[in-house]
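This report concerns only the one structure given below.
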Amino acid sequence: MSRTDERYNVKETETKWQQEWDRRDSFVATVDSSRPKYYVLEMFPYPSGRIHMGHVRNYALGDVVARYKRARGFNVLHPMGWDAFGLPAENAAIERGVHPAKWTRENIAAMREQLKSMGLSYDWGRELATCEPEYYRHEQKMFLDFLKAGLVYRKESWVNWDPVENTVLANEQVIDGRGWRSGALVEKRLLSQWFLKITAFADELLDSLKTLDRWPDRVRIMQENWIGRSEGARLTWNLKGRGDQLEIFTTRPDTLFGAAFLAISPNHPLAGELAAGNPALAEFIAECNRMGTSEAVVEAAEKKGMDTGIKALHPLVPGWELPVYVANFVLMEYGSGAIFGCPAHDQRDLDFARKYNLSVKPVVLPEGADPATFQIGDEAYSGDGTLFNSGFLDGLDVVTAKARANDRIETDGLGERTVNWRLRDWGVSRQRYWGCPIPIIHCDSCGPVPVPEADLPVRLPEDVSFDKPGNPLAHHPTWKDVACPCCGKPARRETDTFDTFFESSWYFARYCSPTRDDVAFDRAAADYWMAVDQYIGGIEHAVLHLLYSRFFTRALKACGYLGVSEPFAGLLTQGMVCHETYKDEAGAWLYPDEVIKAEAGGLIHAQTGKPVSLGRSEKMSKSKRNVVDPAHIIATYGADTARLFMLSDSPPERDLEWTEAGIDGAWRYVNRLWRLTIIAADTLPPPGSVMPELGDAATKLRRMTHKTIAAVAEDLDRFHFNKAVARIRELTNALGDFKPAAAGDYWVLRQGLEAAALLISPMMPHLAEEMWAELGHSVPVVDTAWPLADSSLLVEDSVTIAVQVNGKLRATIELPKDCDATLAEQTALAQDAVITAMSGKAPRKVVVVPNRIVNVVV
RNA sequence: GCCCCGGUGGUGAAAUGGUAGACACGCCUGACUCAAAAUCAGGUGCUGAGAGGCGUGCUGGUUCGAGUCCGGCCCGGGGCACCA
């Protein structure tokens, strides 16, 4: 059998190199202050049972960065672990009777094996799982330290309550206002819960966004909007016939003379008080409270209100009385839970005013409008203009009017300027079992008391049952019974656990010293490795996870744990992996491998032969069955093929469409590179031999090789992985077309193949190793430096310049690089096509952009 | 509802305001083969016989020149604080 008939044995090759990297400890990271460090991190997975294509994409991206930086001489830290607490484990326990701990640990074991088959360059010695006491003991300590530092407090807050299951529901478990399992109408309930003072860092979290110059702009904008700093005023209104007052927050004090009503949140204390003597109002508030706690639901609901009958007295105009409404769109969490409405200049207020027949008085006149006739129709006017109908504010622009109104509010003692934040403190209590126990003991005499540090960790008991609804920790027979650490009397443990965002807010730092039992972080290791140089994960985490981590890092710094403020210096957000959807005649979703193409065209069911309808491409999800199992793809085509496809077609930020054709194409490329290598291997001069004299074709190929080396590095530096792959494919095509004859040809061919192997190695590490070995190298790619381009081979001496007439392309001309503009202009004007297009007219203007374009304007 | 992002050939996509469609998939034609697969060679935005014309979701603007910048809209996606 000739070598050209040899098949690339994927399984054998991939296993062989994975074992070899393992044997060499290639990816074990150690602190080495003599080398520049580079910390690459992909968002760790929730151990749901099997890896999905989203994981494959995320980890393929991370591995390219890790291997590339490694080859470029960085001391790379690239760890992996498990975000192992969470609701799905409890759902599995309820639905299938498996203990969350068992379910989670088995899932981790299965997924670890799947990840290992991908050939990722992880330092597996640093693996962690957040559900183990060795991990969560440290966050219990952190919580107690935050408590000491004044960053923790307790307050009442609303939860979704399922009255049938007697359980708190997550927002995703509330569907159309009903519990997902019970179907019962959900109620809001107040519970006493623990909060972290993220708002103490609001200013800093906002300002520091500016320093995160390697984050996508859109993520920074989203965080900025989420934090939501707004300048305005607190303003007190007297209530007619009552001794008390109502405090509102407004960002538009300039529109005070256009006020039509006041509105308070259904959860405002005043609303509660009034409801006591007003059954209709009580029912309205109850209706609002049936909406659940989700802001999306509240905001999307029809805007409704109810007049309380109370009148508020306008603070600037004596005798002016305004109605006070309870309105479902006013959030108790924002500002003071009360607003004034100016319908003319706020769309939501306008809709409300039209609905309840309230007056609409414009007070800001757009430029050019006539004050005598200007009216508000269906659209509120929120732009700039000149104040009118506004007493002492008349004639001012909006910015000045705001300042003047605020001055008046302050001098008259009606209120004061204030900065309000949309950001709310982080409620971390969860009434769940599968999470980290909150290290607090409740004593009737002493109140909430921290668990003494010597008693940490508070371990999650594993002998629990899920037979009864509610939190198993709460009805465990003995676990919660303890003596009060202060007074020794019988007391109860806190049965709430932490929000699982708690664990993911510091795991990145734990990787620096994952085996230290005594402390969360070895300070020297954390100082060396932190911050994460490149963090990679889904855009869905743009706000919450990333903001909590930024806050947590600051809180840890304040408590002396760490030296950095920002955890992630660089961020890459990847798009989703999508697939077409299929339905059978009955409308049931079908898996892609149940569907085949019919000979007559169209799609049919593989078994039944019945027609299948094709739906649009959507994010892969179990519920729609449009999933492809990575394990199956890796077993069939190998990890390199799967990785290449993930990287080659779409840019990382964009959604990726998974197709059979795409994976086939990647597979063919793997074989093509392999064949190219083995056919040539025996004919080439030995590695490292001196360059012979080169002919024209060889010189051309050599230039292309060097250009590719330069371009790929540039593409990888900017995470343009798809372009890097395209360039390597171009080089591959050139190598395939090249017919070597002279000694120099073979030398250049070797150089080209070696470059191809090294350049593709971050994407397809196994194939690259195999090619490299075939080319006669004994030191593996993993220990070989990244190739460098010879810059003298990158410059061209001539360029193709486009010639336009009135912006339309009419010709292209070949000219020496950086040639004189006059030469470019004259050559352009001499072109037949240009002369024709000018149809005898004289050029009015000629725009010459050196080395690019000549545009003749006639 | 609010915030953010995206929309370019049959498909995934390239393109510092400067030749739209690099690279690939698919398809078509040919070579090899008894045949198929694989492989190799050529073609492939739409339209037109051709010269040419038209083309980056729609619409208006800025510019010598717009996929790229600005305004308005349509469609799709992410997030909205207890999914992770």
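Every chain is numbered from 1 and lettered A, B, ... according to where its sequence line falls, protein lines coming before strand lines. All values reported here derive from a predicted model rather than from experimental measurement.
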Short side-chain N/O contact to B:C54 OP1/OP2 from A:K808, under 4.0 Å: yes

Base paired to B:C40 (Watson-Crick or G-U; both N/O distances under 3.5 angstrom): B:G30

Ionic contact status for A:R422 with A:E295, cut-off 4.0 Å: yes

Aromatic ring pairing A:F645/A:W658, orientation class (parallel under 30°, perpendicular over 60°, tilted between): perpendicular

Contact summary for A:E224 and A:L209, nearest pair of heavy atoms: N-CD1, 3.7 Å

A:E165 with A:R181: basic N within carboxylate O range, under 4.0 Å: yes

Sugar-phosphate only, base, or nothing, as touched by A:H545 at under 4.0 Å among non-hydrogen atoms: nothing

A:N806 side-chain N/O to B:C64 phosphate OP1/OP2 under 4.0 Å: no

A:E540/A:K619 ion pair, N-O < 4.0 Å: no

Assigned partner base of B:G71, Watson-Crick or wobble definition, under 3.5 Å: B:U59

Residue closer to the 5' end of RNA chain B, A:M576 versus A:G427 (nearest nucleotide): A:M576

Aromatic plane relationship, A:H545 with A:F501 - under 30° parallel, 30 to 60° tilted, over 60° perpendicular: parallel

Atom-pair distance (CD1 on A:I853; C1' on B:A20), nearest Å: 12 Å

Touch class at under 4.0 angstrom, heavy-atom based, for A:V168 against every strand present: base

Value in whole Å for how far the P atom of B:C40 lies from NZ of A:K739: 10 Å

Among B:C82, B:G18, B:A13, the one nearest A:V847 by side-chain distance: B:G18

Cation-pi geometry met for A:R189 and A:W161 (6.0 Å, 45°): yes

Cation-pi geometry met for A:R430 and A:F498 (6.0 Å, 45°): no

Touch class at under 4.0 angstrom, heavy-atom based, for A:R672 against every strand present: sugar-phosphate

Test log, rule salt bridge (Lys or Arg N to Asp or Glu O under 4.0 Å), inputs A:E730 and A:K707: CA-CA 11 Å; A:E730 277 179 293; A:K707 278 188 177 176; over 6 Å; no

Under 3.5 Å donor-acceptor pair, A:R810 side-chain atoms to B:U19 base atoms: no

For B:A14, the Watson-Crick or wobble partner whose two distances fall under 3.5 Å: none

Touch class at under 4.0 angstrom, heavy-atom based, for A:N671 against every strand present: nothing

Aromatic ring proximity, centroids under 6.0 angstrom, A:W82 and A:Y46: no

Touch class at under 4.0 angstrom, heavy-atom based, for A:L423 against every strand present: base

Candidate nucleotides B:C82, B:A15, B:C80, ranked by approach to the side chain of A:D499 - the nearest: B:C82

Rounded interatomic separation in angstrom, taking CD from A:E333 and P from B:C82: 11 Å

Sugar-phosphate, base or nothing in reach of A:F501, heavy atoms under 4.0 Å: base

Check: A:W215/A:Q223 side-chain N/O donor and acceptor closer than 3.5 Å: no

Sugar-phosphate, base or nothing in reach of A:D351, heavy atoms under 4.0 Å: nothing

Nucleotide nearest A:R424 when distance is taken to its side chain, options B:A24, B:A81, B:G18: B:A81

Minimum-distance nucleotide to A:R852 side chain [options: B:G18, B:C23, B:G53]: B:G18

Closest to the A:Q431 side chain, choosing from B:G26, B:C5, B:C82: B:C82

Of residues 653-663 of chain A, the positions that come close to RNA chain B - non-hydrogen atoms, cut-off under 4.0 Å: A:R654, A:D655, A:A661

Closest to the A:Q804 side chain, choosing from B:C40, B:A20, B:A81: B:A20

A:L809 CG - B:G17 P separation (whole Å): 20 Å

Pairwise P distance, B:U59 and B:G67 [rounded to whole Å]: 14 Å

Sugar-phosphate, base or nothing in reach of A:R729, heavy atoms under 4.0 Å: sugar-phosphate

B:G61, syn or anti by chi within 90 degrees of zero: anti

Nearest listed nucleotide, side chain of A:L87, among B:A81, B:A84, B:A24: B:A84

Nucleotide nearest A:Q193 (side chain, heavy atoms from C-beta), chosen from B:G18, B:A13, B:C82: B:C82

Sugar-phosphate, base or nothing in reach of A:T500, heavy atoms under 4.0 Å: sugar-phosphate

A:R218 side-chain proximity, nearest of B:C82, B:A20, B:C4: B:C4

Side-chain heavy atoms of A:N806 within contact of A:V856, under 4.5 Å: no

Partner nucleotide, any strand, of B:A49 [Watson-Crick/G-U, under 3.5 Å]: none

RNA chain B: 5'-proximal contact among A:P45 and A:N733 (nearest heavy atom): A:N733

Sugar-phosphate only, base, or nothing, as touched by A:P216 at under 4.0 Å among non-hydrogen atoms: nothing

No-H, no-angle donor-acceptor pair, A:R844 side chain to B:C64 base, under 3.5 Å: no

Sugar-phosphate, base or nothing in reach of A:K619, heavy atoms under 4.0 Å: nothing

Distance, rounded to the nearest Å, where A:Y46 contributes OH and B:A84 contributes P: 7 Å

Nearest-angstrom distance from the residue atom CG of A:N855 to C1' of B:G17: 13 Å

Nearest to side-chain heavy atoms of A:P88, which nucleotide of B:G78, B:G26, B:A84: B:A84

Phosphate OP1/OP2 of B:A14 contacted by A:N722 side-chain N/O (<4.0 Å): yes

Ring centers of A:F195, A:W426 separated by less than 6.0 Å: no

Sugar-phosphate only, base, or nothing, as touched by A:T800 at under 4.0 Å among non-hydrogen atoms: base

Assigned partner base of B:C2, Watson-Crick or wobble definition, under 3.5 Å: B:G79

Base-pairing assignment for B:G9 (Watson-Crick or G-U wobble, both under 3.5 Å): none

Nucleic acid contacts of residues 219-226 of chain A, taken as heavy-atom distances under 4.0 Å to RNA chain B: A:I221, A:M222, A:N225, A:W226

A:L196 CG - B:A81 P separation (whole Å): 18 Å

Sugar-phosphate only, base, or nothing, as touched by A:M43 at under 4.0 Å among non-hydrogen atoms: nothing

Partner nucleotide of B:A20 by Watson-Crick or wobble geometry (both distances under 3.5 Å): none

Sugar-phosphate only, base, or nothing, as touched by A:V857 at under 4.0 Å among non-hydrogen atoms: sugar-phosphate

Aromatic contact, A:F508 with A:Y535 (centres under 6.0 Å): no

